[in-house]
Protein chains: 2
Amino acid sequence: MANVKVPKLPTIRRLPTYLYKLSEMRKAGIEIVATPELARYMNLGEIVIRKDLALTGVTGQPGVGYKVRELIDAIKRYLNWNNVSEAVLVGAGALGSALMGYEGFEEYGLRIIAAFDADPLKVGTEVRGRSVFDIDRLEELTRRLQVRMGIICVPADQAQDIADRMVAGGIKAIWNFANVSLKVPDDVIVQREVIAGGFAVLSVKMSRKLLEEDAQD
Amino acid sequence: MANVKVPKLPTIRRLPTYLYKLSEMRKAGIEIVATPELARYMNLGEIVIRKDLALTGVTGQPGVGYKVRELIDAIKRYLNWNNVSEAVLVGAGALGSALMGYEGFEEYGLRIIAAFDADPLKVGTEVRGRSVFDIDRLEELTRRLQVRMGIICVPADQAQDIADRMVAGGIKAIWNFANVSLKVPDDVIVQREVIAGGFAVLSVKMSRKLLEEDAQD
DNA sequence: CTAATTTAGATAAAAAAATATCGATAATAA
DNA sequence: TTATTATCGATATTTTTTTATCTAAATTAG
């Protein structure tokens, strides 16, 4: 896998949330925002906010705050969300359909242009406006469409096979929702989304809270 | 929000992935696993693996490895996934349906027992075996069913309202898929899942890689 | 106009996480 | 039996992330 070291990862993960809030503010006609307001919104300390925003290169004005518009532009530029990334999605099941139905992605510069599935009942149909192709055509179509990003929404035991086909088709970045880590060549980037990971954190927090409550009695 | 400080968060997020791999191994009849194999699977260093496993309390045998069964039990115990958590889900749209359709949750001790939605067309229907109730009955039914966990899959602008109703209904833990941070009383835990966060990381990694490649020429 | 307040940004310290080193234990091969 | 290899676990180091402190700039109230 491409060994692209990216520090400030927690900050990067937070940027989309800033972006949402700032977009709402702009829609409401607000032009300036100060740290304390964002801190309340994000449930974070003020210093965190300033550090996060500093990463994008914007510079606020002491005593005043940041320009909303400037922040939005800077965040999008930092994330490279100005340029549209076209992607193919494999696995038009529940999760795959959900992702295709998420309109927010357009805002993020992500455009899913085609879906693939192994199920003959799904092949040939449309899911939220995208054609579902036979999985056997993944490599060919990916290459022809010059797509560089792939999204994997298949069960864990099929994910590696799909990843191999994506790589064969010229994919250079994979967003992997299957609960396995993929083996890919050095020049391919994989970002794994383990939804269960968040639930694990929630579970541990709950256990801890119960223990704390018991301890208080 | 309940201020439950939990260190070793990255480890906790990784535990479900270990759990999947270990379950597969057990199904295949494998009883012992050593760090190098897990390290390859996880795409992580061996030391990380040992530290992660140590957190659960298991102790391996030098020169041999860890007992698969013991690890599975220890991870589940650590995450409190032995005990079933019943949850209600609000927002039976694309993402909500996907979550209800994910069979893996049973393995994690999560049981979604009912769904709620504001859309009259959805109310009264069934989604993947669960009844969809009117959102106005959320508080009442949550209280009657004694459910303590809620999953929010509604658009960002409705999430706070749903959270308030959940809290009114006695919910103590919220798994929030909306892209906002929620204000809740101190004794309620919120775990937020920002799917776009992962995409942000992927985007930055891609930009960096392009820069690196350009630099090499 | 001056003083108090709000706020950004730089520097520093603390905490957490990732990584490295080394000794000890068990299995395997000579 | 002995030497070699594989592996865990304890300790130490480095890096990353979070948190704190202080200074300077801008606004607002008196």
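In what follows, every chain begins at residue 1, and chains take the letters A, B, ... in the order their sequences are listed.
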For [X] and [N], what is the distance between atoms [atom1] and [atom2] respectively, to the nearest whole Å?
| X | N | atom1 | atom2 | value |
| --- | --- | --- | --- | --- |
| A:Arg13 | D:dT17 | CZ | P | 12 Å |
| B:Glu46 | D:dA10 | CD | P | 17 Å |
| B:Ile49 | D:dT7 | CD1 | P | 13 Å |
| B:Met42 | C:dA18 | CE | P | 11 Å |
| B:Leu38 | D:dC8 | CG | C1' | 13 Å |
| B:Ile47 | D:dT13 | CD1 | C1' | 12 Å |
| B:Glu70 | D:dC8 | CD | P | 13 Å |
| B:Arg40 | D:dA6 | CZ | P | 12 Å |

Mind checking if A:Gly45 touches a base, just sugar-phosphate, or nothing, with heavy atoms under 4.0 Å?
nothing
Please check the phosphate of [N] (OP1 and OP2 only) for any side-chain N or O of [X] closer than 4.0 Å.
| X | N | answer |
| --- | --- | --- |
| B:Arg50 | D:dG9 | no |
| B:Arg14 | C:dA18 | yes |
| A:Thr59 | C:dG9 | yes |
| A:Thr35 | C:dT7 | no |
| A:Gln61 | D:dA26 | yes |

Indicate yes or no for a side-chain donor-acceptor contact from A:Arg148 to the backbone of A:Ser85 under 3.5 Å, with no hydrogens or angles considered.
no
How long is the span from the CD1 atom in A:Ile32 to the CZ atom in A:Arg69, to the nearest 0.5 Å?
13.0 Å
Pairs in or reaching into residues 60-103 of chain B: which pass ring pair (Phe, Tyr, Trp, His ring centres under 6.0 Å), with residues at least two apart or in two chains?
A:Phe199-B:Trp81, B:Trp81-B:Tyr108, B:Tyr102-B:Phe105
Measure from the side-chain heavy atoms of [X] and tell me the nearest of [options].
| X | options | result |
| --- | --- | --- |
| B:Tyr66 | D:dC8, D:dT17, C:dT19 | D:dC8 |
| A:Val64 | C:dA17, C:dA8, D:dT27 | D:dT27 |
| A:Ala34 | C:dA8, C:dA18, D:dT19 | C:dA8 |

Could you say whether A:Pro62 or A:Val48 is positioned toward the 5' end of DNA chain D, judged by the nucleotide with the nearest heavy atom to each?
A:Val48
Nearest nucleotide by nearest heavy atom, which residue falls closer to the 5' end of DNA chain D, B:Pro36 or A:Asp52?
B:Pro36
Would a 4.5 Å heavy-atom cut-off, applied to side chains only, mark B:Asn80 and A:Val204 as touching?
no
Decide, yes or no, whether a salt bridge links B:Lys27 with B:Glu24 under the criterion of side-chain N to carboxylate O below 4.0 Å.
yes
Within the modelled atom types, does a donor on one side and an acceptor on the other bring the side chain of A:Lys51 and the base of C:dT11 under 3.5 Å apart?
yes
